[in-house]
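Encoded as structure tokens, the structure appears first; notes follow it.
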Amino acid sequence: MASSNTDTTSTKTFAGRRLRSIDALRGLAALAVVLYHAVGQAPRDETSAFVHWFAAPVRALSGYGYAGVFLFFVISGFCIHLHWARARVADMTTGVAPKVAFVPFWKRRIHRLYPPYLIALALYLLWSALNSGVQLNSFFLWDMTLHLLMLHNLDTHTVYSINGVFWTLAIEEQLYLAYFLLLYLRRRWGWRWTLITCAAARVGWVVVCAVLQRAAGLEIPVPESAASHWFTWALGALSVEAMCGLVALPRWCRDLRVAAASLVSAVGLSLILPHIVRHSFWHANAWLLLHPLWGVGFFVLVNRAVAAERNWREWLDVPRLIRWSATVGLFSYSLYLIHQLVLMEMWRFWILRMPSIFVALLVMTPLSVACAYLFFRYCERPFLPRPAKPARSTPGTTPAPVHAPDPLLHESI
């Protein structure tokens, strides 16, 4: 994984422009998660043979929709590191590596991500209060404190307590903190040893949690921790540097056969894992490989998608499916935040005589997307960065160009 001279053609192709390929992958990942929950929550009421044979493969395929979370992690690393990579390309003449200021970085993160999150959190609490009531006790205070601080993924009692998908948002915030360490390692050691360190952190976290559990009885969720997914997130950061021409990746990093092999291996391992004795040597090693396999497969897919976008822009022809999924990708954060509430509420009131598998596909999923768009319009878009107003020009002069902030820098899962 050697450094290379900057590919100026690649850099100019993508400079200052939103990437349809990344938006499309984000949209597909969000839809996969929605289908996973919609189909998973659907009652098994297949009475006819036709419905049974239709539902069986749909349930099997949608059962892997949770893997969209790992694609989100790769995309997140890609988007967060995009600012540094573009600045590095711009500063190649000076030879000075760009710096990411901690306080401005977190101001942007908080302003962009927290308001929609807090609104979604309030809606879930209101829904709970109306349906089952809320007990104002010490656990509720603890639960709310951890959710507000994005630390609820570190306690087995709170990781899934309010909304079953919010644990990934906590991981995102913690990976943003780890980003500064990632930058330090990348500048000091290069990508090879940085990725090795990120992978070692996954192993080390398993060991630390096992020691704490045995010594103090403290049980920390391992799969829902940031250290378990740091390697996957770092792959996205590496991908954006390859796009900007800062590093040269081997050909296999864009080979769809490699992506397919990695993803199929992850599927196979997830099928085998439940049949291996827990807490055994083989179970621990199989689990350690599982998430990185998803990450590598999606890393290759992201690289291939970005390479394909270069052709789309040269030919001025973006495939229709990409345009559609990229549209969903624009409000994928809202879709992720709100879809569980929509699904929980709608299943309670669904009374039409229709097999639930068709309801999940034809009603619940489109309804979740529609509600997410409304949430995006009124609860997320107001907090998106606005383009700068063009400066006034005097007669006879050329107006100054408008530099709109890159929305990719402010996206999350």
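In this text, all values refer to a predicted model and were calculated from it rather than measured experimentally.
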Spacing of Ser262 atom OG and Trp252 atom CH2 [to the nearest 0.5 Å]: 8.5 Å
Could you check whether Phe180 and Phe105 have their ring centres less than 6.0 Å apart? yes
Taking side-chain hydrogen bond (donor to acceptor under 3.5 Å, both in side chains) as the definition, give me every residue that meets it alongside Asp255, ordered by chain and number, with sequence neighbours left out. Arg257
Yes or no on side chain to side chain contact (heavy atoms under 4.5 Å, CB included) for Leu330 and Arg18, after CA distance, side-chain angles and deciding distance? CA-CA 10 Å; Leu330 292 175; Arg18 193 173 186 104; 3.3 Å; yes
Tell me, which pairs form a salt bridge (charged side-chain N to carboxylate O under 4.0 Å, His left out) where one or both residues lie in residues 238-250, sequence neighbours left out? Arg186-Glu241
Between the side chain of His111 and the main-chain N/O of Leu384, is any donor-acceptor distance below 3.5 Å? no
Look only at the side chain of Ser239 and the backbone of Phe299, and say whether a donor-acceptor pair between them is shorter than 3.5 Å. no
Regarding Ser161 and Asp143, do their side chains bring together a donor and an acceptor under 3.5 Å, going by distance alone? yes
Is there a side-chain contact between Trp312 and Pro319 in this structure, where contact means two heavy atoms from C-beta onward sitting under 4.5 Å apart? yes
Is Leu301 close to Leu256 at the side-chain level, that is, under 4.5 Å between some pair of heavy atoms? yes
Using the six-membered ring wherever Trp is involved, compare the ring planes of Tyr66 and Phe70 and label them parallel, tilted or perpendicular (cut-offs 30° and 60°). perpendicular
If I take atom CZ from residue Arg304 and atom SG from residue Cys253, how far apart are they, to the nearest 0.5 angstrom? 13.0 Å
If you count the non-hydrogen atoms of other residues, nucleotides and ligands that lie under 6.0 Å from CH2 in Trp189, is the total more than 12? no
The criterion is side-chain hydrogen bond (donor to acceptor under 3.5 Å, both in side chains); which residues satisfy it with His339, sequence neighbours excluded? His37
Sorted by chain and number, sequence neighbours left out, salt bridge (Lys or Arg N to Asp or Glu O under 4.0 Å) with Arg59 holds for Glu46
For residues Tyr117 and Phe166, establish whether the separation of their ring centroids is below 6.0 Å. yes
Backbone N or O of Leu185 within a donor-acceptor pair of the Thr194 side chain at under 3.5 Å? yes
Do any N or O atoms from the side chain of Glu224 and from the backbone of Asn153 form a donor-acceptor pair under 3.5 angstrom? no
Inspect the surroundings of OH in Tyr184 and state if more than 12 heavy atoms from other residues, nucleotides or ligands are less than 6.0 Å away. no
So Tyr160 and Trp167, would you call those rings parallel, tilted or perpendicular, with 30° and 60° as cut-offs? perpendicular
May I ask you to check whether Tyr124 and Gln340 show a side-chain donor-acceptor distance below 3.5 Å? no
Main-chain N/O of Arg109 paired to Tyr176 side chain as donor or acceptor, under 3.5 Å: no
How close do Val74 and Gly295 get, counting heavy atoms only, and between which atoms? CG2-O, 4.0 Å
Show every salt bridge (charged side-chain N to carboxylate O under 4.0 Å, His left out) that has at least one partner inside residues 367-377, sequence neighbours left out. none
With rounding to the nearest 0.5 Å, note down the distance linking CZ in Phe73 to OG1 in Thr168. 6.0 Å
Rounding to 0.5 Å, atoms CD1 (Ile22) and CG (Leu82) come to a distance of 9.0 Å
Rounded distance (nearest 0.5 Å) linking atom CG of Asn163 with atom CG of Leu169: 8.0 Å
Test Trp287 against Val206 for side chain to side chain contact (heavy atoms under 4.5 Å, CB included), laying out the working first. CA-CA 10 Å; Trp287 182 84; Val206 173; 3.6 Å; yes
Test Phe72 against every option in Trp294, Phe298, Tyr336 by the ring-ring contact (aromatic ring centres under 6.0 Å, His included) rule and name the one that passes. Tyr336
Parallel, tilted or perpendicular, judged at 30° and 60°: which one describes the rings of Tyr179 and His81? perpendicular
Between Trp106 and Leu177, does the side chain to side chain contact (heavy atoms under 4.5 Å, CB included) criterion hold? Intermediate values first, please. CA-CA 9 Å; Trp106 275 102; Leu177 281 174; 3.6 Å; yes
Counting only heavy atoms from other residues, nucleotides and ligands, does the tally under 6.0 Å from CH2 of Trp193 exceed 12? no
Taking atom OH as the centre, does Tyr378 end up with more than 12 heavy-atom neighbours from other residues, nucleotides or ligands that are less than 6.0 angstrom away? no
Do the side chains of Arg112 and Glu380 get close enough for a salt bridge, i.e. N-O under 4.0 angstrom? yes
Using a strict 4.0 Å threshold on nitrogen-to-oxygen distance, state whether Arg26 and Asp23 make a salt bridge. yes
Shortest non-hydrogen contact between Leu125 and Phe140, atoms and distance: CD2-CE1, 4.1 Å
So, does Ser225 use its side chain to make a donor-acceptor pair with the main chain of Ser228 at under 3.5 Å? no
Closest non-hydrogen contact found for Ser21 with Val306 is OG-CA, 3.8 Å
Return the CD1 to CG distance between Ile276 and Asn285, rounded to the nearest 0.5 Å. 9.5 Å
Can the ring centroids of Tyr64 and Tyr36 be said to lie less than 6.0 angstrom from one another? no
Over all heavy atoms of both residues, which pair between Thr365 and Ala360 is shortest? Give the atoms and the distance, please. OG1-O, 2.9 Å
Looking at Phe231, does the NZ or CZ of Arg202 lie under 6.0 angstrom from its six-membered ring centre and within 45 degrees of the ring axis? no
Within the distance-only criterion (no hydrogens, no angle test), does the side chain of Thr327 pair as donor or acceptor with the backbone N or O of Arg323 below 3.5 angstrom? yes
For the residue pair Phe331 and Phe376, does the interplanar ring angle fall in the parallel (under 30°), tilted (30 to 60°) or perpendicular (over 60°) class? tilted
Taking all non-hydrogen atoms of both residues into account, name the closest pair between Gln41 and Met344 and its distance. OE1-N, 4.2 Å
Under the side chain to side chain contact (heavy atoms under 4.5 Å, CB included) test against Phe375, which residue among Val342, Ile119, Leu335, Leu341 passes? Ile119
Residue pair Trp205 / Cys209, side-chain heavy-atom distance below 4.5 Å: yes
Could you tell me whether the side chain of Asn303 and the main chain of Arg254 form a donor-acceptor pair under 3.5 Å? no
Could you tell me which residues satisfy side-chain hydrogen bond (donor to acceptor under 3.5 Å, both in side chains) with Trp233, sequence neighbours excluded, listed by chain and number? Ser76
What's the shortest heavy-atom distance between Leu343 and Ser368, and which atoms? CD2-OG, 3.6 Å
